[in-house]
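Have a look at the structure below before the remarks.
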2 protein chains.
Amino acid sequence: MTATTIKDIAKLARVSHTTVSRALNDSPLINRETKHRIREIADRLNYSPNLSAKSLVLDRSYNIGLFFSTLTSGTSSTFFFETVRGAHRAIPPDYNLVIKGIDDYPDFGKITNKSFDGIILMSQSADDQRFIDAVTTKHIPLVLLNRSVDDGMLLNILADDEQGAYSAAQYLARLGHRKIAIIEGRPGFQSAARRKNGFAKAMQEHEIPLNPDFCVAGNYDVQSGYDAMRRLLGLAERPTAVFCSNDDMAFGAMKACMEAGLKVPEHISLVGFDDNHFSAYLTPALTTVRRPIELISSEGASRLIQAIGRKETIAETILLGAELVIRQSAAAPYKSVDIMEEAHE
Amino acid sequence: MTATTIKDIAKLARVSHTTVSRALNDSPLINRETKHRIREIADRLNYSPNLSAKSLVLDRSYNIGLFFSTLTSGTSSTFFFETVRGAHRAIPPDYNLVIKGIDDYPDFGKITNKSFDGIILMSQSADDQRFIDAVTTKHIPLVLLNRSVDDGMLLNILADDEQGAYSAAQYLARLGHRKIAIIEGRPGFQSAARRKNGFAKAMQEHEIPLNPDFCVAGNYDVQSGYDAMRRLLGLAERPTAVFCSNDDMAFGAMKACMEAGLKVPEHISLVGFDDNHFSAYLTPALTTVRRPIELISSEGASRLIQAIGRKETIAETILLGAELVIRQSAAAPYKSVDIMEEAHE
DNA sequence: CTGTTAGCGCCTTCAG
DNA sequence: CTGAAGGCGCTAACAG
């Protein structure tokens, strides 16, 4: 009933347990035949090494931690799924992909280089800094996804949010819109700031002043997009186009438009950010910016694995392109008289 | 630079490492004062136990495996997210929640009671049976989510798919529909079969014959819902209502309706299954069946933890209710003449 | 090529 | 209440 160990195999093979260990680890020191014989016995006994013992002596846990700022809120399901899948794909099967929220820990004492061989942090905001510090001072290999931090010697991988938002806003401007609003991302999230920057930059280049009424708060979830759009629609002078800082909020925004009897894109243009699984299936299909989340995650994971193997730290910031995907939710503006007329019946 | 161990603490406290071990584990054998003194030293040194060593001697890995049939396809993001979040919530922070796909493993030799203290299986189809057998023969505590298997002594937790689908179909029938179609779930998935059963039962009770043309294949993803609906719309005699076996497919189906110029629910009624995050934000808001995925998962996880603690197996099947959520995508049917007229211009 | 010995960090008898 | 000794399963010198 107790699991078979190398000693059991050693007895049957009439060799020492050391020889068994070496044979099973394919050491060149061992005779081909003995090796073969030992392996057959091991197979027959369904031997599988005790990872805890191995970990103890090799000083590796085989755990890769995938940390989110929190798992309880503020993470959208598509984002989460793609992140996990990307990491999972890049990690060798003998590693454990361990999902954690930073807020699981009252303090970071339990996070040691014994408990994680490496850590992937899908970081949202600067609040994660304490965690990053704890991890780096313990010399645990770390990659930072989705956010860049310049001060340190870290590997950062993220989408070019600013460029992506810039393209989206520029697209709206080129379509002829002048009254362009933005529904912003979650306050404090670096991605939110970067997207707003890109948006502002495009406005500036097209000499469109940034109307404070047209910059409304959101927090990346569907409901917040809905609420924000209602605020926008309540304005005396409505925008003719809205850049939503992510697709979830664009969904909510579209809902609000529909409820108000506005047609998208005839009465109002909408663009999103992320290009999640559902965007193409909305009616109208959502024009948005594709963010390669799964790629960011898998790239980060494989670099981490490399870094662990080579025992060296890499400090670099990798910006992955975010491209505009043109679909049906944005078009040239109606004249505003038309809008007011129809919308107010 | 090497981590502090109980021996380091022992030296400073001028006691044996045994005493330190006991003190840190709050053994009643140790004097209050010594205990206190030792703990302070431990704190000061930022001591954190080496889990591998602990695992080795205690014969526990502190790993809880959360297995999906596969991570590469066939799992929707909302489903995945809610599952992980439910399990995460129920698992004590000193455990590792390890995400795995069954198809990560060529064989199950590496899955031992040393590598996982317990396993949660989010099971889709009967193909998982080999995995289940492997796990149970190794006496690793297991809970099976989302699917029931009767032969064994297992803990099964799942939504009442049949009842849920029944309510949805009954609702459509009571609305006055007679031409009701079903877009089926992924072939081979138990949930798909159960939902179809519930649907069929409702049809039978309302004396509506099951038209084979009205039973179209799907595989739970958005695109398959779209494709299926297009097939339905190509029929000489179109259905007036469609039960989609999950929300993702309902999204796709709605898209196909819109493209065909049909209004939902005026021309055609749609209901889904799952009640995912976006359903309420569709236009029209999706009438669907709420499936408590996160609850299933957290319930499973906490039962597993209990079972591990008590070292006993619990065999039980728990069916969690799935309730109809009435929103706007289903209504009483038009007369078919109207539909033909408008749809064909 | 193989065996002996030692030790990873921790917990658990068994003595005192 | 505390300490000494032993061992969990495995790998790594060091000898032969």
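By convention in this document, chain letters (A, B, ...) are assigned in the order of the sequence lines, proteins followed by strands, and residues within each chain are numbered from 1.
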Exercise for review: Could you state the atom-to-atom distance from CG of Asn50(A) to C1' of dC8(D) in whole Å?
Suggested key: 8 Å

Check your understanding: Taking for each residue the nucleotide of DNA chain C with the nearest heavy atom, is it Ser48(B) or Leu29(A) whose nucleotide lies nearer the 5' end?
Key -> Leu29(A)

Review point. Does a salt bridge link Glu33(B) with Arg37(B), judged by any charged N lying under 4.0 Å from a carboxylate O?
Key: no

**Study point:** Residues which pass salt bridge (charged side-chain N to carboxylate O under 4.0 Å, His left out) with Arg39(A), listed by chain and number, not counting sequence neighbours
**Key:** Asp26(A)

Study note, to complete from the structure: Whole-Å distance, Tyr62(B) OH to dG9(C) C1', equals 13 Å

Study note, to complete from the structure: Rounded to whole Å, the CG-C1' distance (Leu24(B) to dC10(C)) equals 11 Å

**Study point:** For atom CG of Asp59(A) and atom P of dC10(D), their distance in whole Å
**Key:** 18 Å

**Study point:** Side-chain ion pair, Glu299(A) and Arg303(A), N-O less than 4.0 Å
**Key:** yes

Review point. Hey, does the side chain of Ser16(B) come within less than 4.0 Å of dG3(D)'s phosphate (OP1/OP2), counting only N and O?
Key: yes

Review point. Would a 4.5 Å heavy-atom cut-off, applied to side chains only, mark Ile296(B) and Asn146(B) as touching?
Key: no

Revision key, fill the gap. Letter by letter from the 5' end, nucleotides 11-16 of chain D scores (B base, S sugar-phosphate only, - none; protein heavy atoms under 4.0 Å) BBB---

**Study point:** Nearest-Å distance for atom pair NZ/P, residues Lys11(B) and dG3(D)
**Key:** 15 Å

Point to revise | Between P of dG9(D) and CZ of Arg60(B), the distance in whole Å | key: 16 Å

Check your understanding: Of Arg32(B) and Lys7(A), whose nearest nucleotide on DNA chain D comes first from the 5' end?
Key -> Arg32(B)

Review point. Expressed in angstrom and rounded to an integer, what is the separation of Leu56(A) atom CG from dG7(C) atom C1'?
Key: 9 Å

Point to revise | Pair Phe67(A) and Phe116(A), ring centroids less than 6.0 Å apart | key: yes

Check your understanding: Using the ring of each side chain (for Trp, its six-membered ring), is Phe189(A) parallel, tilted or perpendicular to Tyr220(A), with breaks at 30° and 60°?
Key -> tilted

**Study point:** Carboxylate-amine/guanidinium contact Lys110(A) Asp94(B), below 4.0 Å
**Key:** no

Review point. Separation of Ile9(B) atom CD1 from dC11(C) atom P, in whole Å?
Key: 11 Å

Exercise for review: Using a 4.0 Å heavy-atom cut-off across all strands, classify Thr34(A) as base, sugar-phosphate, or nothing.
Suggested key: sugar-phosphate

